[in-house]
Amino acid sequence: MHKKIQHIQRQGGTNMNDSVRVRFAPSPTGALHIGGGHTALFNWLWARHTGGRFILRIEDTDRERSTKEYEETIMSGMRWLGLDWDEGPDAGGDHGPYRQSERLHLYHEYADRLVEEGKAYREGEAVIFRTPQGVRLAFDDMVYGHIEMMSDTLKDTVLLKSDGMPTYNYAVVIDDHTMGISHVIRGEDHISNTPKQLLVYDALGWEYPVFAHLPMILGKDKKKLSKRHGATSVYEYRDMGYMPDAVFNFLALLGWSAGENNEIFSRDEAAELFELTRVTRRAAVFDMEKLNFINQEHLKRLDPYTRLDLVEPFWREMGLPVDSHSREYLAQSLVVLAGRGQTAKEAAGYSDYFLTFETVKGRYDASDVSEEHKELLRRFYGELLAVPEWKASVLEDFTREWSARESVKMKDIAMPLRMGITGMKVSPGIFEVAEHLGREETRKRLAFFGFVNA
RNA sequence: GGUCCCAUCGUCCAGUGGCCUAGGACACAGCCCUUUCAAGGCUGUGACACGGGUUCGAAUCCCGUUGGGACCGCCA
């Protein structure tokens, strides 16, 4: 049943084909969801891989729920993900208009024709398609292979609603055909709609486009992704500190693979390697842990200043004094932080002590250090703060020598240093942190806790 | 209920009849480094849903069972 037809496979090869035209056709009734982003992404990949065109079409025929604001939100969501389109409501193109509400004349024109030919009838204000019985409806899906069914279980379907608007299964056919769409790439939930659309293509005497359905994205409970599963709009991921490149990368991995040892890649790399015929058929579970990992990997690969651009908003959100430090200092803070933190937000939370001493005081009070221990610390830190060169390697060497000479455990003098300057029991190498903070700031912080003589 | 689709580690993928005592990644566990891990290095646990065929040989092909899912709107 899943055999892919040979000629389809050839069509799906790597040959550049500028006649490839694909579209993403969201209805502006909500923000861009993960599922929609996934579909848009695969269309984009196919267009970019083949050198074809990616078209954005707004399916705003639901007068009740469609809004211009949602249309804007969807477009900016796509821009955030880096999915640029070649034709669309804002971009123009010679197959417009790109909003269904502006293409009503087409739907009426063809509906009239179907009524005249007796293939549809009017009932009230609506136009209804007369479904022929005993017709074998078949198509070769580039992902799912050959699919067919008899028309007998299908009922007559509404083409034009009483309000004059077309229904989905009708408008999609008119638009895909008149816009010259070569490949219809959409979610698997549309497989059972396809035969109904085939009927319309047949009635109008039109060729079918190539169909390619994509596996669904499920929540952790293996149910269709919905609000119950937490964040579903792509914007929520941005606000949580995820990188668009990472969300893109993660989404591309749901139903496709670029090879066994190639899981972290850029948009361009994905576009180059993408193959529609290699898309998986099985529904995929959205795994936040994997997204976190992929995001962290992309974060690590960024140069410090770009990473700073991502982290900075979160520092501000936390109320930290970003503007009282230089860009160089802030970027270097992230270098010291190394790859720690899976999201920009997490990285921001891990590094607040570079920007202020206030948060440190808020979470540490040195009550875990005995007076006797403080005596020792005062003796040691006094010498440490006097090393000739304030450099991590020098500080570390000095500390090691001192601890060996005085028979003190490194832990006993390094941990209080960590707690005193970061307020955290986990941090990057503490001598690196001290170096970056600077001698005077380090002295100030240690003095606050009574670890050095003021 | 009808129609259609799906079925490899917990999760995402590789695998298209012999290179498979099934490979990679995430997660998990353990070990190492060590001043800490949230950074880095290493190792490990872990799956072909089940039953029949076809074949010298099946995770791969066929049939059935079971289990999931989608669609059956004047929503898209």
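In what follows, chains are A, B, ... by sequence order, proteins preceding strands, each numbered from 1. Keep in mind that what you see is a predicted model, and the values were worked out from it rather than measured.
No contact: Phe286(A) has no heavy atom under 4.0 Å from any strand. Using a 4.0 Å heavy-atom criterion, one finds that Gly341(A) contacts no nucleic acid atom at all. Across all strands shown, Lys409(A) has no heavy atoms under 4.0 Å from either base or sugar-phosphate atoms. In this structure, His190(A) reaches the bases: a heavy-atom distance under 4.0 Å links it to at least one base atom across the strands shown. As judged by a 4.0 angstrom heavy-atom cut-off over every strand, Ala284(A) is placed among residues touching the sugar-phosphate backbone only. Among the heavy atoms of the strands lying under 4.0 Å from Met424(A) is at least one base atom, whether or not backbone atoms are also near. Counting non-hydrogen atoms under 4.0 angstrom, Ser403(A) reaches nothing in the nucleic acid. At the heavy-atom level, Thr157(A) lies nowhere under 4.0 Å from the strands shown. Residue-level contact check: Gly429(A) touches the bases, meaning some heavy atom is under 4.0 Å from a base atom. Within the nucleic acid shown, Gln296(A) comes within 4.0 Å of sugar-phosphate atoms alone, with no base atom in reach, counting heavy atoms only. Within the 4.0 angstrom heavy-atom criterion, base atoms lie near Asn193(A). When heavy atoms are screened at a 4.0 angstrom cut-off, Leu253(A) is found touching the sugar-phosphate backbone but no base atom. Within 4.0 Å (heavy atoms only), Thr167(A) reaches sugar-phosphate atoms of the nucleic acid but no base atom. If you check every strand for non-hydrogen atoms under 4.0 Å, Tyr350(A) touches a base.
Panel note: side chain Arg103(A), backbone Tyr98(A); no donor-acceptor pair is recorded below 3.5 Å. Looking only at distances, no side-chain donor or acceptor of Asp352(A) sits under 3.5 Å from a matching main-chain atom of Trp315(A).
With hydrogens and angles ignored, no donor-acceptor pair under 3.5 angstrom links the side chain of Arg281(A) to the base of C5(B). For Ser162(A) against C74(B), a side-chain N or O and a base N or O form a donor-acceptor pair under 3.5 Å.
Distances shorter than 4.0 Å separate some side-chain N or O of Arg400(A) from OP1 or OP2 on U35(B). Note on Lys300(A): a side-chain N or O is less than 4.0 Å away from OP1 or OP2 of G40(B). Contact annotation: Arg282(A) side-chain N/O to U8(B) OP1/OP2 distance is under 4.0 Å. Contact annotation: Lys161(A) side-chain N/O to A76(B) OP1/OP2 distance is under 4.0 Å. Close to A14(B), at under 4.0 Å from its OP1 or OP2, lies a side-chain N or O of Thr280(A). Contact check, Arg278(A) against G15(B): a side-chain N or O comes under 4.0 Å of OP1 or OP2. Lys222(A) has a side-chain polar atom (N or O) that falls below the 4.0 Å cut-off from OP1 or OP2 of U11(B).
Using a 3.5 Å distance cut-off with no hydrogens or angles, the side chains of Asp365(A) and Ser367(A) do pair a donor with an acceptor. Side-chain polar atoms of Thr343(A) and Asn295(A) form no donor-acceptor pair below 3.5 angstrom. The closest side-chain donor-acceptor pair between Tyr121(A) and Asp156(A) falls under 3.5 angstrom.
Checked against the 6.0 Å centroid criterion, the rings of Tyr242(A) and Phe250(A) do not qualify as a close aromatic pair. Under the 6.0 Å cut-off for aromatic ring centres, Trp402(A) and Phe380(A) qualify, their centroids lying closer than that.
For the pair Arg340(A) and Tyr350(A), the NZ or CZ position fails the cation-pi test of under 6.0 Å to the six-membered ring centre and within 45 degrees of the ring normal.
At whole-Å resolution of the value, NZ in Lys196(A) and C1' in C4(B) are 11 Å apart. What separates CD of Glu289(A) from C1' of C12(B) is a distance of 13 Å, to the nearest Å. In this structure, the CD1 atom of Ile147(A) is 15 Å from the P atom of C71(B), given to the nearest Å. The distance from atom CD of Glu188(A) to atom P of C4(B) is 14 Å, rounded to the nearest whole Å. When rounded to the nearest whole Å, the span between CD1 of Ile294(A) and C1' of C26(B) equals 8 Å. Rounding to whole angstrom units, CD of residue Glu435(A) and P of U35(B) are separated by 18 Å. Look at CG on Leu154(A): it is 10 Å from P on G73(B), rounded to the nearest Å. Here the P atom of nucleotide C12(B) and the NZ atom of Lys290(A) are 10 Å apart, to the nearest Å.
Between Leu251(A) and Gly37(A), the closest heavy-atom pair is CD2-C, 4.3 Å.
Rounded to the nearest Å, the gap between the C1' atom of A47(B) and that of U21(B) is 15 Å. Rounded to the nearest Å, the gap between the C1' atom of C37(B) and that of C32(B) is 14 Å. If you take atom P in C26(B) and the same atom in G41(B), they sit 11 Å apart, rounded to whole Å. Using atom P as the reference point in both C19(B) and A59(B), the two lie 9 Å apart (nearest Å). Rounded to a whole angstrom, the distance from the P atom of G2(B) to that of U65(B) is 13 Å. To the nearest whole angstrom, the two P atoms, one in G51(B) and one in A70(B), are 28 Å apart. Annotation: G18(B) and G24(B) have their C1' atoms spaced 22 Å apart (nearest Å). Atom P of A27(B) sits at a distance of 23 Å from the matching atom of G15(B), rounded to the whole Å.
Pairing for U36(B) is absent, with no Watson-Crick or G-U wobble pair whose two atom distances lie under 3.5 Å. Under the Watson-Crick and G-U wobble criteria, each requiring two contacts below 3.5 Å, nucleotide A47(B) is left unpaired. Of the nucleotides present, A7(B) is the one that pairs with U66(B) by Watson-Crick or G-U wobble criteria, both distances under 3.5 Å. Using Watson-Crick or G-U wobble geometry with both donor-acceptor distances under 3.5 Å, C75(B) finds no partner in any strand shown. A 3.5 Å limit on both hydrogen-bonding distances identifies no Watson-Crick or G-U partner for U16(B). Pairing for C31(B) goes to G41(B), judged as Watson-Crick or G-U wobble with the two contacts each under 3.5 Å. Pairing of A58(B), defined by two Watson-Crick or G-U wobble distances under 3.5 Å, is not identified with any nucleotide.
The side-chain heavy atoms of Leu334(A) and Leu302(A), taken from C-beta on, include no pair separated by under 4.5 Å.
Of all nucleotides listed (G73(B), C12(B), A25(B)), A25(B) comes nearest to the side chain of Phe293(A). For Lys223(A), the listed nucleotide lying nearest its side chain is G69(B); candidates were G69(B), C37(B), C4(B). Nearest to the side chain of Thr153(A), among A39(B), U3(B), U36(B), sits U3(B).
The residue among Leu160(A) and Glu263(A) whose nearest nucleotide of RNA chain B lies closer to the 5′ end is Glu263(A). Remark on RNA chain B: of its neighbouring residues Gln342(A) and Glu432(A), the 5'-side contact belongs to Gln342(A), judged by nearest-heavy-atom nucleotide.
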